[in-house]
Structures are given as C-alpha cells and as structure tokens.
Amino acid sequence: PHVAVGALKLVEKVELLLLCWLVLHGTMKNIVDCRDEVLSVGAGGGSKSSTLGYAASSLKLSSRENGKNTEEEVVAVERGGVLRAAELSKVGVVSYDPGYTNTACCTSSITFIDGDRGILRYRGYDISEIAAKCEFLDVAWLLFHGELPTKAQHDSLWTATEMNCVEMTASMHQVRDLVNSLGASGHPMGTLASSVAAWGTVRPKDNPALVGSALYEDASFRSSMLAPILGGFVGLSAMIYRAAHKSGQEAPYENTSLPVSHHTVGGLFLHACGRRGLPISVVRALDVLLILHADHELNCSTATLRQLASSGVDLYSSLSGAVCALYGPLHGGATEAAVKMLQKIGHESNIPAFVARVKRREEKMMGFGHRVYKNYDPRAKLIRGLAHQVLRDLKVQDPLLEVASALEKVALGDEYFAKRQLYPNVDFYSGIIYSAIGFKPEFFPVLFALGRVSGW
C-alpha cells in the first residue's frame, strides 16, 4: 500500500503487517493465489527425452494455472544448448538459480574449466604448460589480447608496468597517506578495497561519469589500462605490506636496483616490499602463484566487477567491489582460513580427532572441495610441488607442510571425502608458500587479488 508518513490508518497498518509477513515468510495462505509448478519440459520435435541433449533446437513447456493446463509453448534452444531465460516468459515461468550453477550471463573464450576432469585452460593453453613456460606478465597479456606477446610487446608492457608501480609509490600521495593512516590496525584487504576506491578519485580522466559513458567502448582506452592497473596494483599492494609492517615511511620504490633476473611481476612486487635477496626460485614461485590465480571463469569477484561496471561506474570502483567480494572466506579469503586451520590442528597426531569433528559437522575443512572441480584441482597439484621446492630453497622447516601432507593423505583415503568428491584446492598449499616467504595470513588475500586483477 502507498501510505503517507504519519497518516497510517488502522486498515493500512494491517495491510503493512501482512506485507511484512509475506516478505519474511514467503506466503500468505488463503490470501495469495499462486501458480502451480511447471508440469513438463521436453525436447521439441516430438522427443520424449527428459535429459535434453545439446542437439535439440527447441523445448516444449506446459504448465498448469488454477487447475487448468495451459497450451504447450515451444521455445528456442540456441547453439551449445543455451536457452534464453526470457523465452520462459511465454508460459509465465521464471528461472530460479540462486547460485548461478547453471546460468550464463555472457560468452567468453578467456578461460575453460572442466571440473569433472580437473582441466583448466587460459585461451586454450593448459594451465600446467602456462605455469611452466610463461611469466605472469605474459599471462596478463594473453588473457587480455587472446594471444601470447612477442618479445617487443612483453618488454613494452614490462616497462610500462614498472613505471606505473613507481608512480603509485612515489606520486600518489593521497593514496599513500590513506594506506599509512590505516597501517597495521586494519585488515590488509579492507585497506586494499579502500585505497583502490581512493585511487580512482585521483584519476578523473578514467571516469565515465566525468568524461562520458562511451569511455568503455573505446578500444584504445581499454587497452591502455592494462599496464596502469597491473603496475598500480603491484605498488599499492607493496605499500599495504610495508604499512602493515610499520615500514610505510620508507623511501618510495625505485626501479634502478631491480636485478634483471627479477624482471617479473612477482620480482617487482617483492622488491617494492623491500624483500630483496631471495633465491630466484622463490621469486619464480611467487610469479607462478600469480599465474595460477589469474583467472577462473565467472567467479564471485569477477561477476561482482562485471555487474558494477555495467552501470558505467569507473573501473577503480568496480575493482574495489571485486576486492570486497574476494575478501570473503568462501572465495579469496579461503587461503588465510586454510592456514589458520592447519595452525589449529598443530600436529599430525591431532588429525584423526579433527577429521572426526569435520564428519560431525563441528569443524570445516578449509582448502578442500571446490564448487567447480569434482576432481583434483589442477592448480593444487602444481602448488604442492612448489611448496616443497620453496621450503627446501629457503631452508625452512615448516611443520604446517607436514600437517598438510598428512591431512591430504588421510582425506584422500577416506570414503567420506571421496564420496563427496572433496579434493585439495588452490588454497590448501598456497598459504604455506606465502608463510615461508614471510607473509602473514592476513595478507594472503591481497596476493590473490594481485594475481586475479589480470582476470578482472
């Protein structure tokens, strides 16, 4: 009911209470007359199949309303087995898919995943091949342009990325002041989300609201944003690291002393953090982790960014929203949660009791299972090998790696987890590498964001 503030009559109050009841409970029995469920869905052309194949070109839908069958309607199925949801309106049906488990909102040739077989590809390249032969900078170019860069393109992107990293740490005083004011008091992801939004306020020329809504349609503008976003994210993440370690007042990053062997995004970030002198194998391992986190189809944070950008808001606000989505423990925050779980277990001898609590639903086993993968996450296989290599090269004896390996062995051999298709995912071993390099668990999601920004 439409009511004037301060002038509610008794009948209007009753209507408002009924409306509140409807919102809370979803039903007003004997008041609201609801449509019955869809009776049948089958392939067109006379087929009686209940398991629609991709070859079908139409669907037949019939429904019942007020006890009467409606006329059968035929809706078109497009190539690839795609049905446009608007077609369902022909019979007054609305699709309901709260988790987007079987819903597409775009077409993409960027990333391919086959969760049942444990396959992940970027632009057609298998993830294991990409991780073995490419740098993260190459992967960022690949995701954006659809092909790997030439040497000249790689060198040009590197120069621009490094320059933008320097600009962020040396010239963005407003952003740096915000980061330093938050310092070690706030969670690094909260600082990242706030500072990315602040970053946009000092780049008005990149804001469609200020320069025109056609900005995103300009291909040259879109291409020009790759290096500023990559380099700026490197510098910003490094500033957050230094601020969290109470070293935010250090001299701005300078590019003159970066060894040629460290000319990767991983090396640039470590150098900007003040983490110098690490073995080249460790620098390479961080670059590989960035590759493995670069993109993963229409995940939660990517979907958030796309929805925000669809309003025409500037890219930095959209990125800030994506950072917030990534922050959650069911997304990018899972790496932090997995390490804290291993710390809580503490020793191999405590694993049986922990697993028993998991089965009783008293504990959650973080780093296991994935919404997409019903097989071993291909990224987890690569990261497990990296973890052993990094700890060996750093001469670190981390008991968490022993706990993780033992927990994995127990879980993979347990029918409870096998039946539920719960395998280690990308988060399970990542945190062990980050910890060995010297990052605190609270900083892990920032490293995830540093990789995922190329996919965003």
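Only a predicted model underlies this, so the values are computations on that prediction, with no experimental measurement involved.
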Spell out, as yes or no, whether a donor-acceptor pair under 3.5 Å connects the side chain of [X] to the backbone of [Y].
X	Y	value
Asp287	Glu135	no
Ser237	Phe233	yes
Asn164	Ala160	yes
Ser181	Leu178	yes
His187	Met189	yes
Arg176	Thr169	yes
Ser171	Met168	no
Ser320	Ser317	no
Arg123	Leu142	yes
Ser223	Ser220	no

Say whether [X] and [Y], considering side chains only, have a donor N or O and an acceptor N or O under 3.5 Å apart.
X	Y	answer
Asp97	Ser95	no
Glu408	Tyr423	no
Asp427	Ser430	no

May I ask you to decide whether [X] forms a salt bridge with [Y], counting only side-chain N to carboxylate O separations under 4.0 Å?
X	Y	result
Arg357	Glu362	no
Glu442	Lys340	yes
Glu78	Arg84	yes
Glu217	Arg222	no
Asp377	Lys381	no
Arg203	Asp314	no

### Task
Would you sort out whether Leu230 and Val265 count as a side chain to side chain contact (heavy atoms under 4.5 Å, CB included), showing the intermediate values?
CA-CA 9 Å; Leu230 283 178; Val265 172; 5.7 Å; no
### Query
Do Thr150 and His154 pass the side chain to side chain contact (heavy atoms under 4.5 Å, CB included) test, and can you show the C-alpha distance, the side-chain angles, and the key distance before you say yes or no?
CA-CA 6 Å; Thr150 63; His154 171 95; over 6 Å; no
Can you find a pair of side-chain heavy atoms, one from [X] and one from [Y], that are under 4.5 Å apart?
X	Y	answer
Lys151	Asp155	yes
Leu407	Leu342	yes
Ile110	Phe144	no
Tyr100	Leu298	no
Ile119	Arg121	yes
Leu88	Val94	no
Phe136	Thr264	no
Val355	Val410	yes

### Task
Assign the ring pair Phe443 / Phe439 to parallel, tilted or perpendicular, where the plane angle (0 to 90°) is split at 30° and 60°.
parallel
Rounded distance (nearest 0.5 Å) linking atom [atom1] of [X] with atom [atom2] of [Y]:
X	Y	atom1	atom2	answer
Ile130	Leu292	CD1	CG	10.5 Å
Leu400	Met341	CG	CE	10.0 Å
Glu297	Phe112	CD	CZ	8.0 Å
Trp141	Thr161	CH2	OG1	10.0 Å
Ser128	Arg379	OG	CZ	13.5 Å
Thr304	Trp456	OG1	CH2	9.0 Å

### Message
Using the rule side chain to side chain contact (heavy atoms under 4.5 Å, CB included), only one of Val139, Leu120, Thr111 pairs with Asp295; which is it?
### Response
Thr111
Please report the shortest heavy-atom distance between [X] and [Y], naming the atom on each side.
X	Y	result
Asn299	Ser301	OD1-OG, 2.9 Å
Tyr327	Gly190	CE2-N, 4.2 Å
Ser310	Gln307	OG-O, 2.6 Å
Cys105	Arg306	O-NH2, 3.9 Å
Gly431	Thr335	N-CG2, 3.5 Å
Ser435	Phe444	OG-CZ, 3.3 Å

Should we count [atom1] of [X] as having more than 12 external heavy atoms under 6.0 Å?
X	atom1	answer
Tyr416	OH	yes
Lys359	NZ	yes
Arg361	CZ	no

#### Entry: Chi angles and distances behind the side chain to side chain contact (heavy atoms under 4.5 Å, CB included) call for Tyr316, Ile229
CA-CA 9 Å; Tyr316 304 92; Ile229 295 298; 3.8 Å; yes
### Message
Go through it in stages, so that I can follow the logic: the residues are Ile383 and Phe428, the test is side chain to side chain contact (heavy atoms under 4.5 Å, CB included), and I'd like the CA-CA distance, side-chain angles, deciding distance and then a yes or no.
### Response
CA-CA 9 Å; Ile383 295 173; Phe428 190 60; over 6 Å; no
